[in-house]
Amino acid sequence: MNYTAPRGTKDVLPPASQAWQKVEMKFRELCKRFSYGEIRTPTFEQTELFARGVGDATDVVQKEMYNFEDKGGRAMTLRPEGTAGVVRAYLEHGLSSLPSPQKFFYIISAFRYEKMQKGRYREFEQMGCECFGSGEPSADAEIISLLWIFFSELGMADISLQLNSIGCPNCRPAYLDQLRGYLRPHLDELCEDCQKRFETNPMRILDCKQESCQAVTKEAPSPLDTLCPDCQAHWDELLRLLDYYEIPYRINKRIVRGLDYYTRTVFEFISENVGSQGTICGGGRYDGLVDELGGQPTPAVGFALGVERLLLELEAQDLLPQLDHQPDIFIASFPSYQDQASAFAYRLRAAGIHAESDILGRSFKAQMKHANRTQARYLMVFGEEEAARMIGKVKRMSDGEELEMSFDELVQFLLQQV
Ligand code: HAM
């Protein structure tokens, strides 16, 4: 039998995996600058958590979850996203009684049974942040500014921040009535999914990608037109802050998000390059979720960024982080000096240097061939003289220059080059 990775999943092999490590490291480092601490939650949770948290009527819950019954007969689900699990942990560990705000970041695998497309997988990686305890627009602005710095430091162009407000439980019912009233005469022009959404989740019709639905919703009312005074004030203040920070944005009434927990601010970072899967990052405020999952009412805001889509975008813009897989030094040896050579490689590695030596029992000639293939920066040959005098000759491979020094000096020399 031939085994292959399950449809919608992928293997990430070295050295390409370095690009993943680099964006993850950048994200970690940036989260630290904003005082976000890492949270790790389980890969699977009770199905009920997502049904309640993400929303029964969403595509994610209705069509895309990997549900299973465990051996104890409990209904479990591989997490389709990170927020619900983080809220569960926030409540379970009593973090709501600690001083606000509480800020968390995560780097996780998420699972959705979706139709395969470029940038759309069944197992994918999300890097996300969640901030609990502040209902202020400055919390929304802070989280957006984190993303803006992240994309800027990666050098990304052609990515736009698109924003909307979808109101709160006070003002949304009036908006939904207005929207249904507008859509009702056009029901038969909508796709089959949107005809169902008309009753359960009409706002989602605004972000349907079908041309016929987009044509119908072109002139549809915007939730921004019916915000209650508190939501309006929140929205105005957020825009004022973004203007003040000089973070450019576009207001887009079609940004309504696919998950049910959002209130007020919703946003996406959208690229012009990845086609229909151009949403690299999505997030917003979810002031009702902590309450919904059994806690005290607690305002919260967050986002998640799709790492596969980010890397596709970086590749399209020729911005993939430089890979550095070449060893600093390759130590080739004549057969009787193999132990000394590998012991010296061990010493160099312990000192923090990327060193390679032979572990296949290759001939000297074959080792030299391999050294070339590794593109090592320096080459050292370990033979009788090196073993006797503890002095090594290293050759800089870029120009062939040879340098002679003691082993101790060599360690220091290479450390300066790293
Ligand atoms: P989401 O928009 O469902 O939001 O997902 C966030 C990001 O994950 C998307 O923008 C996309 O880049 C990536 N993504 C989603 N599905 C796939 C897929 N099938 N294949 C590849 N990438 C995908 C959330 O998950 C919310 N939890 C975000 C959030 C956090 N809101 C508040 N806090």
Side-chain angles (χ1 to χ4, degrees), residues 7-10 12 20 23 27 31 36 39 41 45 49-50 53-55 58-61 63-66 78-88 90 102-132 139-140 143-144 146-147 150-151 159-162 164 166 204 207 254-271 273-290 292-293 298-314:
R7 219 174 135 65
T9 69
K10 70 217 159 296
V12 182
W20 291 67
V23 296
F27 184 69
C31 285
Y36 279 77
I39 184 164
T41 62
E45 302 264 6
L49 176 74
F50 300 115
V54 173
T58 57
D59 284 356
V60 170
V61 171
K63 304 185 197 162
E64 297 167 3
M65 295 212 300
Y66 278 89
L78 293 183
R79 63 180 163 215
E81 57 102 55
T83 312
V86 173
V87 173
R88 199 256 322 124
Y90 174 79
Q102 290 284 315
K103 305 195 211 178
F104 307 98
F105 82 87
Y106 50 85
I107 301 179
I108 59 167
S109 279
F111 306 84
R112 296 184 192 175
Y113 193 83
E114 293 205 71
K115 278 207 195 86
M116 278 283 298
Q117 271 185 24
K118 190 175 179 193
R120 199 200 270 167
Y121 305 92
R122 293 183 177 166
E123 179 178 7
F124 55 97
E125 185 170 293
Q126 284 191 338
M127 304 196 292
C129 284
E130 313 292 353
C131 170
F132 296 94
D140 311 28
I143 220 158
I144 290 173
L146 184 155
L147 284 162
F150 182 70
F151 292 126
I159 179 156
S160 82
L161 163 61
Q162 308 207 0
N164 195 11
I166 54 171
R204 281 306 306 279
D207 82 346
R254 292 190 187 279
I255 304 286
V256 293
R257 312 285 299 128
L259 316 171
D260 270 0
Y261 46 64
Y262 292 104
T263 49
R264 295 191 171 163
T265 314
V266 283
F267 61 85
E268 293 183 355
F269 280 81
I270 300 179
S271 139
N273 291 319
V274 197
S276 61
Q277 300 307 313
T279 304
I280 295 179
C281 170
R285 186 160 271 293
Y286 49 97
D287 292 344
L289 185 58
V290 175
E292 175 72 30
L293 294 180
T298 308
V301 59
F303 69 82
L305 198 156
V307 179
E308 286 81 359
R309 292 189 194 173
L310 171 68
L311 290 170
L312 279 172
E313 179 62 22
L314 288 171

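Keep in mind it's a predicted model, so treat the numbers as computed, not measured. Counting starts at 1 for both ligands and their atoms, following the listed order.
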Quick note, salt bridge (charged side-chain N to carboxylate O under 4.0 Å, His left out) partners involving residues 78-88, not counting sequence neighbours, are E45-R88, R88-E92

Give a yes/no verdict on whether any heavy atom in R257 is under 4.0 Å from an atom of ligand 1. yes

Region of [X] engaging ligand 1 - heavy atom pairs below 4.0 Å:
X: L259; answer: side chain
X: R120; answer: both
X: Q126; answer: side chain
X: P80; answer: neither

Side chain to side chain donor-acceptor pair (under 3.5 Å) assessment of T41 paired with Y106: CA-CA 9 Å; T41 62; Y106 50 85; over 6 Å; no

Just by distance, with hydrogens left out, do T9 and E123 show a side-chain donor and acceptor under 3.5 Å apart? no

Return the closest protein heavy atom for [atom] as residue, atom name and distance.
atom: atom 10 (O) of ligand 1; value: T279 O, 3.2 Å
atom: atom 30 (C) of ligand 1; value: T83 OG1, 3.0 Å
atom: atom 7 (C) of ligand 1; value: A304 O, 3.6 Å

[X] heavy atoms, cut-off 4.0 Å: which ligand 1 atoms fall inside?
X: I280; answer: 10 (O), 12 (O)
X: G119; answer: 20 (N), 21 (C), 22 (N)
X: G282; answer: 10 (O), 28 (C), 29 (C)
X: E130; answer: 30 (C), 32 (C), 33 (N)
X: E114; answer: 16 (N), 17 (C), 18 (C), 19 (N)
X: C281; answer: 10 (O)
X: G283; answer: 31 (N)

Check whether any side-chain heavy atom of [X] lies under 4.5 Å from a side-chain heavy atom of [Y], and answer yes or no.
X: L305; Y: L310; answer: yes
X: R309; Y: F124; answer: no
X: V23; Y: L314; answer: yes

Of the non-hydrogen atoms in [X] and [Y], which two are nearest, and what is the gap between them?
X: Y121; Y: G8; value: CB-O, 3.3 Å
X: F105; Y: Y36; value: CD2-O, 3.5 Å
X: P80; Y: A110; value: O-CB, 3.7 Å

Heavy atoms only: which of [options] lies closest to [atom]?
atom: atom 26 (C) of ligand 1; options: Y261, F111, Y121, F267; result: Y261
atom: atom 31 (N) of ligand 1; options: Y113, Y286, Y262, Y106; result: Y262
atom: atom 3 (O) of ligand 1; options: R79, R112, E81; result: R112

Purely on distance, is any nitrogen or oxygen of [X] under 3.5 Å from one on ligand 1?
X: F124; answer: no
X: E308; answer: no
X: G306; answer: yes

Could you check whether atom OH of Y113 has more than 12 heavy atoms from other residues, nucleotides or ligands sitting under 6.0 Å from it? no

Should the ring pair F303 and F267 be called parallel, tilted or perpendicular, given that the plane angle runs from 0 to 90° and is split at 30 and 60? tilted

Run the numbers on Y286 and E130 for side chain to side chain donor-acceptor pair (under 3.5 Å), then give the verdict. CA-CA 10 Å; Y286 49 97; E130 313 292 353; 2.6 Å; yes

Could I get the full list of side-chain hydrogen bond (donor to acceptor under 3.5 Å, both in side chains) partners for Q126, not counting sequence neighbours? none

